[in-house]
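Input: a single structure, listed below in structure tokens.
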Amino acid sequence: MAEVRTRFAPSPTGFLHLGGARTALFNWALARKEKGKFILRIEDTDVARSTEEAVEVILDSLKWLGLYWDEGPYFQSKRLEIYRQYALLLQEKGLAYECFCTPEELEERRQKTMAQGENWRYDRKCWNLKEEEKEKLRQEGRKSVLRFYIPPGETTFIDMLRGEVHFQNEELDDFVIMKSDGMPTYNFACVVDDALMKISHVIRGDDHISNTPRQVLLYQALGFPLPQFAHIPMILGKDKTRLSKRHGSPSVTYYRDQGYLPEALFNYLARLSWASGEEEKEIFSREEIVERFSIENVTKHAAVFDLDKLNWMNSVYIRQADNKYLCSILEEILVRKGRIKPEEITSAHREYWEKVIDLMKERIKYLAQLEEEASYFFTEEVEFDPPAFEQVLGGEEVEEILKDCEEMLSQIEDFRAPILEEAVREMAEKRGVKAAKFIHPLRVAVSGKKVGPGLFELLEVLGKEKVIKRIQRAKNLIKEPRFPQNSGGE
RNA sequence: GCCCCCAUCGUCUAGCCUGGUAAGGACACCGCCCUUUCAAGGCGGCGGCAGCAGUUCAAAUCUGCUUGGGGGCGCCA
């Protein structure tokens, strides 16, 4: 059997979309599974919208996800001569013709036709223009495009997921293959490249189904062998419309920056529209996915992106991950959020952050949550949740409790969780009260929150100095007639 | 409007091709257990074959129609 060659061919007009990432993933997985090649091609024929930055972002995103390519990236903008040659070939064969209609004229005719309740297709106005007529139009300064002549009949192709798909050729109109700026259009460049690059499987979103008959006709006109086509379902938002900004950010970089692990996003994306069939198994390594992957068990219907499930999956990966690895991601987040400058980071910081991670990795869904919801680890001035402050530190005897805690904790030299716990419990027993009587106010005093990790572990990670300072500050704050922070709001 | 694709719990899906075991799992949700709070973990629960015909002894599985959803109809890709 011939070598399996798949490709991912994004156009660099923005970030890598989750849908694109999943398309890349399936192409990559099939190539790996079949010991073939995965090729990257940048479709930058839209001069106005393509940017170099976008190329960088897309490449970074692919690499971050571990979707490494074996060939490329090829840039269509560097292959213009090739497209011109094939365009000329079609023209010589009489399968493509010059069209001088301007976009404005076409729009006018389109409106007119539609107004009569008819479907617009290019009216072949420029089909069979005589050489003198063309020359005259050129003299007028008109630019021309090249249109592909659609023969009568029916076009059928086989989709690996759906079987035969038929289109009446009348539904297709003579589409443009070379633009007036000399650039090829998508359908044309795509076919020429896929053929020349010997792509064996074209795996793309099913929003391309209607392009496929046009491309098939092009393959036939150019005398190229047909690849296998597989149109994979789209990824939709909660409201079942195309996943877009309205659903939160659909970009791979957004999830990277929020502290999602690449292996988790990879796993989640792979499980959209695909399942191995094994029950109770949701967590798959890249290798496990490659081993099990096949186009045949990709579903045909669109999949809704479910952040809850991604969050769950990411939390599973976080719990299993190495602390140093997680720490390096946290570090980037802290820098990006302005908690610290890169040049200020010391090994002591890292040591501390690793402890924070060790303590918190079981209770977070993504790393940025630490900075957002457990800021008390990264700031000196603890912010108090108003309800926590009022309910837990509002009691009559709280000042006394905090005072006792401060005195007791000050005497402990070996500031470790088991020792701290023993001390607090002992103190509670001596007073004849439950340990919770001390635990809750202490937690709020040092973290500002009612919820969080185990108190004694928290105290150990924060360290004696911070703990004492925070208790003192809390004591002072409850003495004040009016709570000074969080003016306004809830 | 025209063309194309799709249809199993709220969501991701297994089962469908090769009709026949109480339609299974995961996320979410709800309870209980554990527990200093929150998580995690354990146990349990809720919840689905879009509808209507047809074929058949038997239909989630095969066929048709209806409905619903998605996509396309650019000198964008």
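Numbered from 1 within each chain, the chains take letters A, B, ... in sequence-line order. Below, each value reflects all heavy atoms present in this structure, side chains not excepted, and no hydrogens, waters or symmetry copies.
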Taking a pair as Watson-Crick or G-U wobble with both distances under 3.5 Å, which nucleotide is matched to [N]?
N: B:U56; value: none
N: B:A14; value: none
N: B:A77; value: none
N: B:C2; value: B:G72
N: B:A7; value: B:U67

Describe the nucleic acid contact of [X] in one word from base, sugar-phosphate, nothing, applying a heavy-atom distance below 4.0 Å.
X: A:Arg110; answer: sugar-phosphate
X: A:Thr185; answer: sugar-phosphate
X: A:His231; answer: nothing
X: A:Arg49; answer: base
X: A:Glu282; answer: base
X: A:Asn211; answer: base
X: A:Lys300; answer: sugar-phosphate
X: A:Ser315; answer: nothing
X: A:Leu455; answer: base
X: A:Gly454; answer: base
X: A:Asp308; answer: sugar-phosphate
X: A:Glu362; answer: base
X: A:Ala435; answer: nothing
X: A:Val145; answer: base

Rounded to whole angstrom, note down the [atom1] distance from [N] over to [M].
N: B:G71; M: B:C76; atom1: C1'; answer: 16 Å
N: B:G69; M: B:A59; atom1: P; answer: 29 Å
N: B:G72; M: B:C62; atom1: P; answer: 28 Å
N: B:U61; M: B:C52; atom1: P; answer: 12 Å
N: B:C49; M: B:U36; atom1: P; answer: 44 Å
N: B:G48; M: B:G15; atom1: C1'; answer: 13 Å
N: B:G45; M: B:A26; atom1: P; answer: 12 Å
N: B:G41; M: B:C4; atom1: C1'; answer: 49 Å

For the residue pair [X] and [Y], what are the closest heavy atoms and their distance?
X: A:Asn27; Y: A:Thr6; answer: O-OG1, 2.8 Å
X: A:Arg109; Y: A:Thr113; answer: O-OG1, 2.7 Å
X: A:Phe284; Y: A:Tyr317; answer: O-OH, 3.0 Å
X: A:Ser210; Y: A:Phe167; answer: CA-CZ, 4.0 Å
X: A:Phe415; Y: A:Leu409; answer: CE1-O, 3.9 Å
X: A:Thr299; Y: A:Pro233; answer: O-CG, 3.0 Å

### Message
With no hydrogens and no angle check, just 3.5 Å: does a side-chain donor-acceptor pair link A:Asn169 and A:Glu154?
### Response
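Short answer, no.
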### Message
Of all nucleotides in RNA chain B that come within under 4.0 Å of a heavy atom of chain A, which is furthest toward the 5' end and which toward the 3' end?
### Response
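On RNA chain B, the outermost contacted nucleotides are B:G1 to B:A77.
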### Query
RNA chain B: A:Val451 or A:Gly117, which has the more 5' nearest nucleotide?
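Of the two residues, A:Gly117 wins.
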### Message
I want to confirm an ordering. Mapping A:Lys450 and A:Glu171 to their closest nucleotides on RNA chain B, which one lands closer to the 5' end?
### Response
A:Glu171
#### Entry: A:Arg142/A:Glu105 ion pair, N-O < 4.0 Å
yes
#### Entry: Sidechain-backbone polar pair: A:Ser249 side chain, A:Lys245 backbone, donor-acceptor under 3.5 Å
no
